Structures are given as C-alpha cells and as structure tokens.
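Contents: one structure, followed by commentary.
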There are 4 protein chains.
Amino acid sequence: MSGINKVILVGHLGKDPEVRHLDGGVTVASFPLATSETYNKDGKRVEQTEWHNIVLWRGLAEVASKYLQKGKLVYIEGKLRTRSFEDKEKVKKYVTEIVAENFTMLGRKSDFEQTPAASVPQSTEPKIQDEFTIGPSDENGDLPF
Amino acid sequence: MSGINKVILVGHLGKDPEVRHLDGGVTVASFPLATSETYNKDGKRVEQTEWHNIVLWRGLAEVASKYLQKGKLVYIEGKLRTRSFEDKEKVKKYVTEIVAENFTMLGRKSDFEQTPAASVPQSTEPKIQDEFTIGPSDENGDLPF
Amino acid sequence: MSGINKVILVGHLGKDPEVRHLDGGVTVASFPLATSETYNKDGKRVEQTEWHNIVLWRGLAEVASKYLQKGKLVYIEGKLRTRSFEDKEKVKKYVTEIVAENFTMLGRKSDFEQTPAASVPQSTEPKIQDEFTIGPSDENGDLPF
Amino acid sequence: MSGINKVILVGHLGKDPEVRHLDGGVTVASFPLATSETYNKDGKRVEQTEWHNIVLWRGLAEVASKYLQKGKLVYIEGKLRTRSFEDKEKVKKYVTEIVAENFTMLGRKSDFEQTPAASVPQSTEPKIQDEFTIGPSDENGDLPF
DNA sequence: TTTT
DNA sequence: TTTT
C-alpha cells in the first residue's frame with residue numbers, strides 16, 4: 001500500500017542555486033536552505049539552524065535558478081529522498097535531500113527584484129510547481145451544488 | 001504577494017462520491033469526509049467529529065468516483081475555498097470546501113475492492129493527483145553531485 | 001479510528017486581531033487572513049484571494065494580539081472547525097474557521113516592530129504554540145462572535 | 001528570522017521501535033518507516049520505497065514503544081534534523097532523521113491489538129503529541145545509536 | 001526493514 | 001453522514 005512523504009519548509013537560501021544540465025537536456029538545480037528555530041534555554045535565547053539540501057528538476061530548476069538567490073525567503077514543498085553515492089575515496093555515503101515539488105517566494109516583492117532598479121517580470125509565478133505536477137487550476141467557476 | 005493555502009486530511013467518507021457532469025464536459029465529484037479526534041474530558045473518552053466538504057475536479061473526480069466509497073479511509077491534500085450561493089429561498093449563504101489536489105487511499109487493499117471476489121485493477125494509482133497538477137516524476141536517476 | 005485535520009496557511013492579516021475575554025478568563029482572538037494565488041488565464045495574470053477566519057485561544061490569543069497586526073505575513077498551522085450560530089434574525093448559519101495551533105511570524109523583523117523606533121522584545125517567540133494543543137481542546141463552546 | 005521545518009509521513013514501520021533510556025532518565029525510541037510510491041514507467045507499475053529514520057523522545061517514545069510494532073501504518077508529523085556521529089572506524093558521518101512531534105495510528109483497530117484476544121486499552125490516545133513540543137527541544141545532544 |  |  002502507498003504512503004505519504006511530504007516536507008514543508010520555510011527558510012532562507014544559504015547560496016545561489018547551482019544549476020547543472022544532464023545528458024539528455026534535463027536541468028537540475030540545488031541549494032542549501034536554512035530553517036531556524038529559536039527557543040529559550042535556561043532563560044537564554046538560543047537559535048538552532050537546520051540545513052536542508054534542496055534539489056529541483058527540469059522546469060522547477062529553471063525557474064529557481066532565475067528567481068531564487070542566496071538569502072531569499074522561500075516556502076518549499078517536496079519529498080524526502082535518501083540516495084547513496086561514492087565520495088572521492090570510493091567510500092559509500094548517504095545524503096538525504098528534499099526533492100522540491102513546488103515553491104513560493106515569500107517576503108517583499110523587492111526581495112525578488114534582480115537589481116534595485118529592475119522590477120519583477122510579469123511572468124514570475126508566485127507559486128511554481130514541478131512541470132510534472134504543474135498547471136492552472138481554473139475551477140474558479142461556481143459549483144452547481 | 002502570494003501565499004500558501006493547504007489542507008491535509010485523513011478521514012473516512014461519510015457517503016459515496018456524488019458525481020456531476022457540467023456543461024462543457026467537466027466532471028465534478030463531492031463527498032463529506034469525517035475526521036475524528038478523541039480526547040479525555042474529566043477522565044472520560046470523548047470523540048469529536050469534524051465534517052469536511054470535499055470537492056474534486058475533472059480526472060480526480062473520475063478516479064474518486066471509481067475507487068472511493070462510503071466508509072473508506074483516505075488521505076486528501078487540497079486547498080480551502082469559501083464560495084457563496086443562493087439557497088431555495090434566495091438567501092445568500094456561504095460554504096467552505098476543500099478542493100482536492102490529490103488523494104491517496106489508505107487502509108487495507110481489501111478495503112478498496114469492489115466486491116469480496118474482485119481485486120483492484122492493476123491500474124489503481126495509490127497517489128492520484130489533479131490532472132492539472134499531475135504526472136510521473138521520473139527523476140529517480142542518480143544525481144550528478 | 002482517528003484522523004488528521006490539518007491546515008497550513010501563509011498569508012497576510014486583513015485586520016488587527018480582535019480580542020475577547022470570556023467568562024472564566026479565557027482569551028480568544030480572531031482575525032481574517034488572506035492567501036492569494038496568482039495564475040494565468042488566457043495569457044492574463046489573475047489574482048485570486050481566499051479569506052480565512054482564524055481563531056486563537058488562551059496564550060496563543062494573547063501572543064497574537066501582541067505581535068500580529070493588519071498586513072503582517074504569518075505562517076499558521078491549525079485545524080478546521082465548522083460551527084453553527086444564529087444570526088440577528090435567528091437564522092441558523094455555519095462558519096468554517098481555522099483554529100490555530102501554532103504560528104510563526106514571517107517577513108522582516110522590522111515588520112513586527114511595534115513602532116518605527118521600538119525593536120521586537122527579546123521574548124518574541126518565533127514559533128508560538130497553543131499551550132493546550134497537547135491535551136483536550138475544550139473550545140467547543142460557541143464562540144462569542 | 002525563524003522558519004518552518006515540517007515533515008508529514010504516512011507509512012509502515014519496518015521494525016519494532018527500539019527503546020533506550022539515557023542517563024537522566026530520558027527515553028528515546030527509534031524505528032525505520034517506509035513510505036512507498038507507485039508510478040507507471042513505460043506502462044509498467046514500479047514501486048519505489050523510501051526509508052525514514054524516525055526518532056521519538058520522552059513520553060512520545062514511551063507511547064510509541066507500547067503501541068507501534070513492525071508493519072503498522074502510522075501518520076507521523078515531525079521535523080528534519082541532520083546530525084553527525086563517528087562510526088566504528090572513527091569516520092565522521094551524517095544521518096538525517098525525522099524527530100517526531102506527534103503521531104496517529106491508522107488502519108484497523110485490530111491492527112493495534114497486542115494479541116488477537118487483547119483489546120487496545122481505553123486510554124490509547126489516537127493522536128499523541130510530544131509533551132515537550134511546546135517548549136525547548138533540548139534533544140540536540142548526540143543520540144546513542 | 002514495511003506494505004500492496 | 002464515517003470510523004473506532
């Protein structure tokens with residue numbers, strides 16, 4: 001039977017997205033995302049930051065590389081995936097990544113402007129989905145019941 | 001600026017899905033879903049049930065009408081939408097619905113069998129998405145980093 | 001068997017929180033929250049805004065009334081609850097509300113400053129939870145608004 | 001500024017929970033959880049299973065060890081945490097875990113019965129939360145496994 | 001290492 | 001109107 005594997009993050013990019021083009025023309029982007037939590041420990045305010053490896057594919061990767069930069073605040077929805085790889089010393093290692101399914105830019109509009117003078121292009125999708133998960137939902141007509 | 005409007009429910013259908021075909025060939029299905037919460041009140045076990053109006057469009061509606069029946073346990077992800085309508089007395093009223101974006105059948109496989117003897121067709125998708133949100137995600141190849 | 005009833009919203013307050021003190025000293029706060037979605041319709045950019053009725057109890061209500069104001073961006077997690085009430089004409093009506101379980105202020109720190117000159121107190125909890133979330137939630141009495 | 005770090009899983013336990021009692025009397029439980037996704041690849045039905053390391057603290061750990069067993073279906077809500085440890089060869093390694101904040105048992109009631117003859121005690125909380133979720137989460141010390 |  |  002099937003299950004649910006869902007991750008919801010709101011945090012800041014630790015670096016600009018790094019984009020790669022695989023053989024076959026598929027685009028992949030990735031970046032670290034920080035989510036911080038603040039709590040009181042013995043009356044002192046402690047901040048704990050967690051770093052997440054975000055991976056985006058195809059169209060999502062392209063939009064991310066265009067609109068997301070280091071420091072920006074984003075909402076990301078995706079799923080967990082742990083994969084193994086060999087490091088330079090041929091040692092098998094594991095990483096857990098969040099494969100993004102859609103993201104939404106948060107924060108001020110000005111935070112997403114390329115330069116102080118430029119304005120965000122009309123085409124900026126506030127909510128961007130994986131093209132294999134994407135699309136308009138035009139069901140805003142009134143329901144017949 | 002954009003926002004997030006997400007609902008996650010796990011509950012039982014109160015009735016079979018009710019299906020309608022709008023002019024233009026669009027299919028809409030709807031059903032009530034119960035989510036119950038149990039807590040202790042003065043040492044007694046109290047159950048509180050909340051009823052949700054679930055609405056599904058197009059392909060999702062069709063799959064729902066095929067595989068979901070009264071009593072079944074489902075995971076539903078969607079968004080909130082409040083719409084107004086006029087009742088028979090022409091009084092304006094409001095309903096809040098959950099417009100489903102995808103759902104997953106939970107519980108035993110046998111719970112989704114049509115009849116004790118029949119088995120669920122091979123084509124039953126455990127996770128079914130709105131066709132405007134849908135699609136295979138074949139990014140299972142190894143990442144180059 | 002039990003279920004899941006979870007709502008996740010990121011949006012802006014439409015008004016300042018309205019605070020009430022019930023008999024028995026319980027504090028309740030409420031405010032409308034807007035989540036907007038933008039999509040393309042026939043090549044044109046359309047924005048659709050959904051309004052949600054947010055309700056907060058006890059300690060959460062108090063923190064909300066202190067730190068949230070009209071226009072602020074918040075992440076809210078809670079559950080759906082539909083309750084009935086009688087309007088002035090004694091007509092039975094229904095409202096669906098989101099009973100908040102915790103919230104996190106998003107956006108610039110300066111967005112949460114009381115006045116341009118004041119800074120957010122050290123004690124501001126970035127993630128604030130309903131102190132009663134764990135146990136029974138006895139707020140099933142009718143709301144006074 | 002603060003962020004959101006939330007994981008929502010529905011899956012089956014791969015093993016019985018493993019319970020440990022740390023110095024100081026704190027209880028920790030952990031188990032692997034499988035979430036499977038099925039999709040069509042070239043007309044063939046492919047199942048992909050993802051394994052998650054679930055960690056529970058204190059009261060949650062105790063309830064988990066009592067009611068969850070290998071094979072059971074659960075809804076788990078928690079947060080991601082990546083921690084480092086040294087393996088037997090003193091090599092620094094990283095694991096990403098899901099620190100549970102609450103869980104709900106899904107599936108038939110009979111699935112949670114200890115033995116065919118026994119019934120689940122009246123006191124079984126369908127939704128069980130980490131009693132410390134509200135405040136500080138001081139489980140940042142290294143885990144003993 | 002789960003489940004269907 | 002579901003389920004336990």
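The shown structure was predicted, so the numbers you read here are calculated from the model rather than taken from an experiment. Naming convention: chains lettered A, B, ... in sequence-line order (proteins, then strands); numbering from 1 in each chain.
Straight-line distance from the CD atom of Glu18(D) to the P atom of dT2(E): 16 Å, rounded to whole Å. Atom CG of Asn53(B) and atom C1' of dT1(F) are 11 Å apart (whole Å). Taking atom CZ of residue Phe31(D) and atom P of nucleotide dT1(E), one finds them 18 Å apart after rounding to whole Å. Taking atom NZ of Lys72(B) as the reference point, atom P of dT4(F) lies 10 Å away to the nearest angstrom. Taking atom CD of residue Gln48(B) and atom P of nucleotide dT4(F), one finds them 19 Å apart after rounding to whole Å. Glu50(B) has its CD atom 20 Å from the P atom of dT4(F), to the nearest Å. dT3(E) atom C1' lies 11 Å from atom CG of Leu13(D), rounded to whole Å. Rounded to a whole Å, the CE atom of Met105(B) is 19 Å from the P atom of dT3(E).
You can call Trp51(B) stacked on the base of dT1(F); the centres are under 5.5 Å apart and the planes sit within 30°.
Not one N or O on the side chain of Asp42(B) forms a donor-acceptor pair closer than 3.5 Å with the backbone of Lys44(B). In this structure, Asn5(C) contributes its side chain and Ser36(B) its backbone to no donor-acceptor pair below 3.5 Å.
Evaluation of the side-chain contact (heavy atoms from CB on, under 4.5 Å) rule for Glu86(B) yields Lys90(B) as partners, not counting sequence neighbours. Applying the side-chain contact (heavy atoms from CB on, under 4.5 Å) criterion to Thr27(D), with sequence neighbours excluded, gives Val19(D), His21(D), Ala61(D), Glu62(D).
The listed nucleotides are dT1(E), dT2(E), dT2(F); the one nearest the side chain of Lys15(D) is dT1(E). Distance from the side chain of Glu47(B) is smallest for dT4(F) among the nucleotides dT1(E), dT4(F), dT1(F). Of the listed nucleotides (dT1(E), dT2(F), dT3(E)), dT3(E) has the atom at the smallest distance from the side chain of His12(D).
In terms of heavy atoms, Ala100(B) sits closest to Ile76(B) at CB-CG2, 4.0 Å.
Residue Gly11(D) is out of contact with every strand shown, counting any heavy-atom pair closer than 4.0 Å. Using a 4.0 Å heavy-atom cutoff across all strands shown, Thr49(B) reaches at least one base atom of the nucleic acid.
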